Every structure is written in structure tokens, then in C-alpha cells.
Amino acid sequence: MPGYSPSAWQDDLYTRIGLDDDVALIGTGLTAVDVLVRLRQQGHRGQITAISRHGWYPTSHAEAPAAGMDDVWFATPPSARAYLALFRACLRKGIFWRSMVNALRAHTNALWGRLPVEEKRRFARHLQRRWDIVRHRMAPALRSVLDHETEAGTLKTLKGRVEQVSAVSGGVRLSIQGAERLRCLDVDHAVNCTGPSRDYRTVGSALLTGLIETGSATQTPLGGLVCDDRGALQDASGRWSTSLYAIGPMRWGTVFETTAIPEIRQQAADLAHHLAAQVQSSSLQNSLADEG
């Protein structure tokens, strides 16, 4: 559809948007912030409207005292409600939320792993976005850009869910369901900044669809692929692959903290060491077989 970009990472996106074009950003996460900043850096002057269910942008980085990881987290009942109650209790004790989030980062996968599937669903439904905005923060300079744009009226934020994107003369029309009514917004361009779907059966990738349909890979109940600690994919029979691995966002569901660069970098390094060890072991076995 002309004027609609399903991804913020299309190579020609910024060449197609005119300097005075009105732009809608679907989503208010870090991707939406990146698109806004890049547009402005290229001289874009048009109105930008960002749309998300709650209208929440990521929080910003700031100095925070270090906080230790209390064992009480692992003594807490494994439920989304219990985790939230403990987080709030720590806040009441005077622990800074940034300090707590920073301390939890290395342990969130273990805490996630304790949750039953239904509690994972509950967390994803009610708390995921709240966690994302405090966990995936932006630089203070970017926060200043957002504040300035908002005060100047060049950035507007709408709360609601985009129900439909349709073509209209000269652009696109977004149908947005708010708390009380359905409204329409006509713009020259709309950019989907929500990221790829975690349901790999619906993303339109021949590779992913083929892996799942043939049983070479399986999805978790929340999306993402079932894999072991090294990222090896599990097939429909429950066997772990020795040749198919996932890193980064594809591991989401199996693990929780898997979309930021430090975690992806560590996963890649661990997998590289594992594969190198496999090659060395295979080479040694072949050498012994030749000698025999």
C-alpha cells in the first residue's frame, strides 16, 4: 500500500517521505523515537503523530545507586501478581526503580523461567509494556527532543489501538480505537514501529513457516521458538537440533531478556564457542577413525 511502511527499517523509507509530509508512527517505543529523530535530522518539518495503546514512551537513563539482588525474589511465589507486589514493596523501602531494574537484569530470565505458562501470559498481557518502558530506556538527550517536539506541537501522541490502515487519495487513513470512540487520522505516511510479530506462523516468512509446518521447529505458547540454553531449536518430536539455532528475539518466550545488544552479543559468543567445540570434536573423531 503506497504510504504505509510495515517496517521502520526499510532502506528507502526516508527517501520516500517528503520534508513537509505528515507522518503517523504506530507505536511509541524506542523504534518510534529513532524514526522521529532520524526524520528531523534529515530536515523533516511535517507533523508527526505517534499512536499506542497507552501513549507511553520509554523512560530515560539517569544515575542510580547500585542495588543488590535480594534472594527474596526467588523466594517469592512464581506469579505476575507476586512479582509486581514485591517490586512495589521495594519501592516503598526507598529503593530507586532504576537501581532495581538494573539489578534484576541478570536474573530476569531465571525469574521468567519459574513462571507457569499462564502466568507468563498474564505478565505479557498486563505488565510487559510497563516493564519495557523502564527496562529499555533512552538517552536523556532523546527525552529532551521528545519534550521539545511535544511542547512545540510538532509531535502529538494518541492513545488507542490502530484497527485498520487503508489507502486514501494522497496517503493513508488510520482507524484508531480509543477508550471511548473510533477516530480516523489521515496522513501522508504511516510507519509501523511495533516490531515484528512473535507469532512466526503469521509473519509471511517462507523459512519460518516451513520450519514450523515441517516440524523442524516449534513455537512457545507466547510466540518465539522453543530452544535450549544454547539456542538449539526443538522439533515437533521434542528432539534438540544439532544444526538449527536461534539467537536474539527468536528466543523470546523461552527466555525473557533476549532483545538487547548485550544479551544478543553473549548468546552469539556462547553459540560460537559451542559450534567451535563441536567442530573440534568431530575433527578429532575423524582423525582417530583414520588412524584406526
Side-chain angles (χ1 to χ4, degrees), residues 6-7 9 73-74 76-80 82-83 104-128 131-132 135-136 194-292:
S7 169
W9 309 116
W73 280 94
F74 290 98
T76 301
S79 74
Y83 286 175
L104 280 170
R105 178 169 178 170
H107 305 280
T108 49
N109 281 339
L111 292 170
W112 176 257
R114 296 176 68 233
L115 295 176
V117 170
E118 188 52 44
E119 287 300 317
K120 290 178 179 177
R121 285 197 180 101
R122 185 170 288 113
F123 185 97
R125 185 166 58 248
H126 298 293
L127 298 176
Q128 181 78 55
W131 173 260
D132 287 345
R135 164 65 185 85
H136 300 287
T194 60
S197 170
R198 288 170 172 156
D199 184 354
Y200 293 130
R201 296 166 300 185
T202 65
V203 298
S205 165
L207 172 61
L208 292 172
T209 300
L211 287 174
I212 294 171
E213 288 184 349
T214 59
S216 300
T218 53
Q219 282 201 155
T220 80
L222 290 87
L225 300 179
V226 178
C227 54
D228 65 10
D229 292 341
R230 296 190 181 95
L233 300 186
Q234 186 182 67
D235 68 16
S237 300
R239 295 186 297 263
W240 300 107
S241 177
T242 57
S243 59
L244 296 173
Y245 297 84
I247 63 172
M250 284 189 176
R251 292 191 187 185
W252 195 90
T254 298
V255 294
F256 182 78
E257 190 72 54
T258 188
T259 59
I261 292 301
E263 282 70 34
I264 296 175
R265 183 171 57 234
Q266 187 62 53
Q267 290 174 11
D270 292 343
L271 180 55
H273 287 305
H274 170 66
L275 295 177
Q278 277 191 328
V279 171
Q280 290 177 350
S281 176
S282 178
S283 297
L284 178 60
Q285 290 177 2
N286 291 337
S287 176
L288 292 176
D290 291 341
E291 292 177 2

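Keep in mind the model is a prediction, meaning the values are calculated, not measured. Residue numbers run from 1 in the order of the sequence given.
Side-chain contact between Trp73 and His107: absent, with no pair of heavy atoms (C-beta onward) separated by less than 4.5 Å. For the pair Tyr245 and His274, the minimum side-chain heavy-atom distance is below 4.5 Å. Side-chain contact check for Leu233 versus Met250: every heavy-atom pair is 4.5 Å or farther apart. No side-chain heavy atom of Leu111 sits under 4.5 Å from any side-chain heavy atom of Pro78. Inter-residue side-chain proximity for Leu207 and Tyr200 is flagged as unmet; no heavy-atom pair is nearer than 4.5 Å. Side-chain atoms of Asp235 and Trp240, non-hydrogen and from C-beta on, never get closer than 4.5 Å to each other.
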Q.
With side chain to side chain contact (heavy atoms under 4.5 Å, CB included) as the criterion, how do Thr259 and His136 come out once you've worked through the C-alpha distance, each side chain's angles and the decisive distance to 0.1 Å?
A. CA-CA 10 Å; Thr259 59; His136 300 287; 3.6 Å; yes
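Closest heavy-atom contact between Pro77 and Ala82: O-CB, 3.3 Å. Nearest heavy-atom pair, Ala268 versus Ile247, reported as atom, atom and distance to 0.1 Å: CB-CD1, 4.4 Å.
With sequence neighbours excluded, the residues forming a salt bridge (Lys or Arg N to Asp or Glu O under 4.0 Å) with Arg122 are Glu119, listed by chain and number. Looking at residues two or more places apart in sequence or on another chain, you find no side-chain hydrogen bond (donor to acceptor under 3.5 Å, both in side chains) involving His126.
At least one donor-acceptor pair closer than 3.5 Å links the side chain of Thr258 to the backbone N or O of Gly248. The backbone N or O of Thr76 sits nowhere less than 3.5 Å from a side-chain atom of Tyr83 that would complete a donor-acceptor pair. Judged by distance alone, the side chain of Thr254 and the main-chain N or O of Leu225 form a donor-acceptor pair under 3.5 Å. Formation of a donor-acceptor pair under 3.5 Å by the Trp131 side chain with backbone atoms of Ala124 is not found in this model. Of the possible polar contacts, none joining the Ser237 side chain to the Arg239 backbone as a donor-acceptor pair under 3.5 Å is found.
Within a 6.0 Å sphere centred on CG of Asp199, other residues, nucleotides and ligands contribute more than 12 heavy atoms. With a 6.0 Å radius and a threshold of 12 heavy atoms from other residues, nucleotides or ligands, His273 has its NE2 atom at or below the threshold.
Atom CG of Leu244 is separated from atom SG of Cys227 by 12.0 Å, given to the nearest 0.5 angstrom. In this structure, Ile212 CD1 and Thr218 OG1 are separated by 8.5 Å, a value rounded to the nearest 0.5 Å. Ser79 OG to Lys120 NZ: the interatomic distance, rounded to the nearest 0.5 Å, is 14.0 Å. Here CZ of Arg121 is found 6.0 Å from CG of Leu222. Values are rounded to the nearest 0.5 Å.
Residue pairs meeting the salt bridge (charged side-chain N to carboxylate O under 4.0 Å, His left out) criterion with at least one member in residues 250-271, sequence neighbours excluded: Arg105-Glu263, Arg135-Glu257, Arg135-Glu263.
Classified by interplanar angle (parallel below 30°, tilted 30° to 60°, perpendicular above 60°), the ring pair Trp112/Phe256 is tilted.
Inspection of the Ser241 and Gln234 side chains reveals no N or O donor paired with an N or O acceptor under 3.5 Å.
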